[in-house]
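All remarks here apply to the structure that follows.
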Amino acid sequence: MEKSCSLLIHFDKGTPALANEIKEALEGSDVANKVEAMKKAVMLLLNGETLPQLFITIVRYVLPSEDHTIQKLLLLYLEIIDKTDSKGKVLPEMILICQNLRNNLQHPNEYIRGVTLRFLCRLNETEIIEPLIPSILSNLEHRHPFIRRNAILAVMSIYKLPQGEQLLVDAPEMIEKALSSEQDPSAKRNAFLMLFTCAQERAISYLLQHVDSIPEWGELLQMVVLELIRKVCRTNRGEKGKYIKVIISLLNAPSNAVIYECASTLVSLSSAPTAIRAAANTYCQLLQSQSDNNVKLIVLDRLNELKTSHREIMVEMIMDVLRALASPNLDIRRKTIDIALELITPRNIDEVVQALKKEVVKTQSTELEKNGEYRQMLVQAIHSCAIKFPEVASTVVHLLMDFLGDSNVASAIDVVVFVREIIETNPKLRVAIISRLLDTFYQIRAARVCSCALWIIGEYCLSLSEVESGLATIQQCLGDLPFFTINEEGDGADTSKASQQVNSITVSSRRPAILADGTYATQSAASETAISPPTLVQGSLASPGNLRSLILTGDFFLGAVVACTLTKLILRLEEVQPSKPEVNKASSQALLIMVSMLQLGQSSFLPHPIDNDSYDRIVLCIRLLCNTGDEIRKIWLQSCRDSFVKMLADKQFRETEEIKAKAQISHAQPDDLIDFYHLKSRKGMSQLELEDEVQDDLKRATGEFTKDGDDANKLNRILQLTGFSDPVYAEAYVTVHHYDIVLDVTVINRTKETLQNLCLELATMGDLKLVERPQNYTLAPESSKQIRANIKVSSTETGVIFGNIVYETSNVMERTVVVLNDIHIDIMDYISPATCADVAFRTMWAEFEWENKVAVNTVIQDEKEFLNHIIKSTNMKCLTAPSALDGDCGFLAANLYAKSVFGEDALVNVSIEKQVDGKLSGYIRIRSKTQGIALSLGDKITLKQKGVVV
């Protein structure tokens, strides 16, 4: 077994100081040098060095010192040195320190007495402690509370030793007597803790005798009382009624820590509505009164747990929970909104929506740095409310449409997506939404928002007035035609004049953008230096700058969307306008706009020409307007809407299935063994110990490890570190936890000689760090040794652990080195499938700077089979809906997402195409915020994409 360590000090020096230098400093008279020497000695001992020659020096030159710092370091030294031999007997030289400890316990200085008593709490050797017991007991009645409280702790630690009850037979009686007369809060708390730990019946008796005065006790003592109540009620559930009154009385305590513990205790002991309601009220009060964001997040976690198990009661508290939105912290706001959205019912939906609307208005009235992101969260929350309860959509849709021109593009996209879904699911609101959208369209400045708004206009402008208004709005936002003149194109020198006549647009940069199917398109970022003065169109001010400005920057994808929208409006105008000349006039104007966009795209006026997809799309619209058939009209006016309706139905179906799947999750399988822990001898065990025991029982029941404690799958995870012919054979069992890696290394001496100073030397590559250096061992012939090494993990990255085993033999004076095989840490141990919204995925994709592009090279010839293979190999989740992957078109694009245990995001886009010869080609792009994930995930995909996962 490993030795327990009660002291950890970071020491970064790799080369230990010479023992002679420490010895000389300790023998000197300079106090400062002695202090530094003691610090070095303590840190070297903690790092596995053995300094046996220092003990006598410290006894002679350090024990007599009166300096408080030296005495404190001396106690640290005495705490960590080995006090017993290999057989467990106390070393004879330890008798030398007993007299010094006795003198310290009788020292006139209170500090020396107190720290010595505290040191005795960490001693386990009864041979050393037994002579000191009279001095310890005499300190229970000392006048200074610092000494009394440490004396009580010393008595408790001694009484808990295997032979403690024989050493201190009447300790509980003495402590109970001291408790009744004690006035110091800390000493009183320690005394009650001792009774609670060592003589529970006496603690319960004392508690019941002073029930009425418990609210007046100090915070520390009240916390121990709550811990005692939890323990008693778990072992004797029939006595809960006695203590509920005590807990309720402590809910009004002045200490927030006590109030929090009371609420937690109530929830764990009782499921009665009154108790749960009281606990929920307490949590909500803490949410309002605490200024620490960490405390608020913890309280929100507790409320989230209550929501899961007692939803009906939490529904009543929803408005109290929403008050936490007053906090400026986005994490608190996000968690608050998530809790509130799951507590919405038809009774409280109106109040919740009103509260969210007020928060939206606040983000508009005050300009803070995080307002855009907070507004986006609120829009998404209102969207969810409107989908669940369509009757509230009318109260929020007009308010949100004011943010279509928001400077935060993500927020504006959320608004327009919300409008697109509401206008389909709430036909009664269609006329009002279209009217409002046409009035505010000129405010939109983002290309993606314009594209979605244009689609809405093309699909849902049904009446004659709406179609005409839609055409007029688009024409007004495009401005005068053509977009440039031939003279301006030819006159390359006079760029300033040309720039003025195209609304002073300056193209600044080009960058790739990811489309909805995961493919790339080219977009240009532009800076607008001047905008034409607004003109009056249909009773509202409109600026012709938004569509025109975006198209003049080279965004021809938006131009193609404008062409499609105009085509739909003209086709619908043919149905609702009886006057043929009016239809021809509108059609001619639309054709003029499309031709002008093609002319602009093929000119040298812009730095790059129109892309082929947009060109083909605009040409298709021109041909369609020149020759329209019934089948084409049906496709454009009905099939698009039907596809959108199908997409909404598929989205709703997937959400419903996810809810059902979550509801069906069972914490226990029908054939699991039942753990009757009441029948086991577990008296005095803490709740954590009980939970660990139950967890072990469940593991045994499910076969995770066998009854003798060996992992059933351990043999499959053992790594061979050396060869069978090496004099030292070593193998390691690697256990990967969230933030650390544990190596259990078995070292076997295969020679007939004793190996001395055998040491396992390890080094790491990547974001791995060795926590401590393993100590030296002596290995007998043909014997084995278990060595454990802990490695800290700081990020998700494929790391390598390498090293060697060094030892000495009596025959060979030089040290022998055995090189170990490398241990590769798999990134798959740190990432897990996760979900995120499409907008969030796009935002992260644009922000993350690290990208790894992997070419597809596989023997798999089916696109969906290859996608499933990548998903299984990378442990990621496909965000692309299954309905979007249906069909067989020879091309597939999908987005994958995963999250690491460190909170890092991993984004993957798979774009593959089937060639004529049946092989798959394309690219897999990985993006992340850190380089480690991008490179490691790319290496994993490169290795795994060829074959099939076993």
Side-chain angles (χ1 to χ4, degrees), residues 6 68 71-72 75 101-123 129 132-160 164 167-168 170-232 246-247 249-250 252-262 265:
S6 58
H68 286 185
Q71 285 295 322
K72 184 176 181 179
L75 294 176
L101 292 175
R102 185 185 293 110
N103 293 338
N104 285 351
L105 291 174
Q106 298 171 358
H107 201 280
N109 186 279
E110 290 86 357
Y111 176 78
I112 298 294
R113 284 201 189 196
V115 295
T116 306
L117 287 166
R118 188 184 303 166
F119 162 71
L120 293 177
C121 295
R122 296 188 285 272
L123 277 187
I129 292 175
L132 305 177
I133 287 179
S135 301
I136 295 172
L137 296 179
S138 64
N139 284 308
L140 288 173
E141 300 178 356
H142 195 274
R143 59 178 180 80
H144 202 284
F146 177 69
I147 296 175
R148 294 199 303 273
R149 70 176 73 125
N150 284 296
I152 294 170
L153 291 178
V155 170
M156 180 176 70
S157 62
I158 294 171
Y159 192 80
K160 289 164 66 177
L167 296 176
L168 292 170
D170 54 349
E173 297 178 7
M174 289 188 294
I175 297 301
E176 187 176 14
K177 181 180 178 182
L179 176 62
S180 59
S181 59
E182 185 58 63
Q183 298 299 323
D184 180 67
S186 296
K188 199 169 184 178
R189 176 255 182 196
N190 290 349
F192 190 81
L193 181 63
M194 189 275 175
L195 294 180
F196 162 41
T197 307
C198 304
Q200 186 173 311
E201 295 300 326
R202 292 180 182 271
I204 294 173
S205 176
Y206 181 83
L207 177 65
L208 296 178
Q209 290 175 9
H210 301 81
V211 168
D212 296 334
S213 59
I214 290 176
E216 302 170 3
W217 290 356
E219 174 186 351
L220 297 174
L221 187 53
Q222 288 175 343
M223 297 287 281
V224 180
V225 166
L226 290 172
E227 190 177 349
L228 171 65
I229 291 174
R230 281 197 295 269
K231 183 175 180 181
V232 171
V246 177
I247 299 173
S249 66
L250 288 177
N252 298 320
S255 169
N256 289 324
V258 174
I259 294 174
Y260 175 82
E261 287 298 326
C262 280
T265 305

* Asked: What's the verdict on side-chain contact (heavy atoms from CB on, under 4.5 Å) for Val115 and Gln71, showing C-alpha distance, side-chain angles and the deciding distance?
  -> CA-CA 9 Å; Val115 295; Gln71 285 295 322; 5.8 Å; no
* Asked: Yes or no on salt bridge (Lys or Arg N to Asp or Glu O under 4.0 Å) for Asp184 and Arg149, after CA distance, side-chain angles and deciding distance?
  -> CA-CA 9 Å; Asp184 180 67; Arg149 70 176 73 125; 3.3 Å; yes
* To do: Assess whether side-chain contact (heavy atoms from CB on, under 4.5 Å) is satisfied between Phe192 and Leu228, documenting all intermediate values.
  => CA-CA 10 Å; Phe192 190 81; Leu228 171 65; 3.5 Å; yes
Could you go through residues 150-159 and list every donor-acceptor pair under 3.5 Å that involves a side-chain atom there, pairing it with any protein atom two or more places apart or in another chain?
from   : atom 1 : to     : atom 2 : distance (Å)
Asn150 : ND2    : Phe146 : O      : 2.8
Ser157 : OG     : Leu153 : O      : 3.3
Ser157 : OG     : Ala154 : O      : 2.9

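Here the side chains of Phe119 and Leu101 are in contact, with some heavy-atom distance below 4.5 Å. Contact of the Leu168 side chain with the Leu137 side chain is registered, since non-hydrogen atoms from C-beta on lie closer than 4.5 Å. The closest side-chain heavy-atom distance from Glu227 to Thr265 is not below 4.5 Å. Two residues are said to be in side-chain contact when any heavy atoms from C-beta on lie closer than 4.5 Å; Glu201 and Ser205 fail this criterion. Within the 4.5 Å cutoff, no side-chain heavy atoms of Gln200 are placed close to those of Leu195. Counting heavy atoms from C-beta outward, Pro215 and Asn252 have side chains that stay 4.5 Å or more apart. Side-chain contact between Leu221 and Ile214: absent, with no pair of heavy atoms (C-beta onward) separated by less than 4.5 Å. Two residues are said to be in side-chain contact when any heavy atoms from C-beta on lie closer than 4.5 Å; Val258 and Leu220 fail this criterion.
A distance of 9.0 Å separates CG in Leu179 from CD1 in Ile175, rounded to the nearest 0.5 Å. Note: Ile147 CD1 to Ser138 OG = 9.5 Å, rounded to the nearest 0.5 Å. Atoms CD1 and CZ, from Ile136 and Arg113 in turn, are 12.5 Å apart once rounded to the nearest 0.5 Å. Between the CD atom of Gln106 and the CG atom of Leu132 there is a distance of 9.5 Å, given to the nearest 0.5 Å. A distance of 10.5 Å separates CE in Met223 from CG in Leu250, rounded to the nearest 0.5 Å. Rounded to the nearest 0.5 Å, atoms OG (Ser135) and CG (Asn104) are 10.5 Å apart.
A donor-acceptor contact closer than 3.5 angstrom is absent between the side chains of Asn139 and Arg148.
Arg202 has a carboxylate O that lies under 4.0 Å from a charged side-chain N of Glu173, or vice versa, which qualifies the two as a salt bridge. Between Arg230 and Glu261, at least one side-chain nitrogen of the basic residue sits less than 4.0 Å from a carboxylate oxygen of the acidic one, meeting the salt-bridge criterion.
A 6.0 Å sphere centred on CD of Gln183 holds no more than 12 heavy atoms belonging to other residues, nucleotides or ligands. Heavy atoms of other residues, nucleotides or ligands lying less than 6.0 angstrom from CD of Glu141 number 12 at most. Atom CG of Asp170 is surrounded by more than 12 heavy atoms from other residues, nucleotides or ligands within 6.0 Å.
Test His142, Arg143, His144 against Glu110 for side-chain hydrogen bond (donor to acceptor under 3.5 Å, both in side chains) and you get one pass: Arg143.
The main-chain N or O of Met194 is never found under 3.5 Å from a side-chain atom of Thr197 such that the two would form a donor-acceptor pair.
The aromatic rings of Trp217 and His210 sit tilted, their planes meeting at an angle between 30° and 60°.
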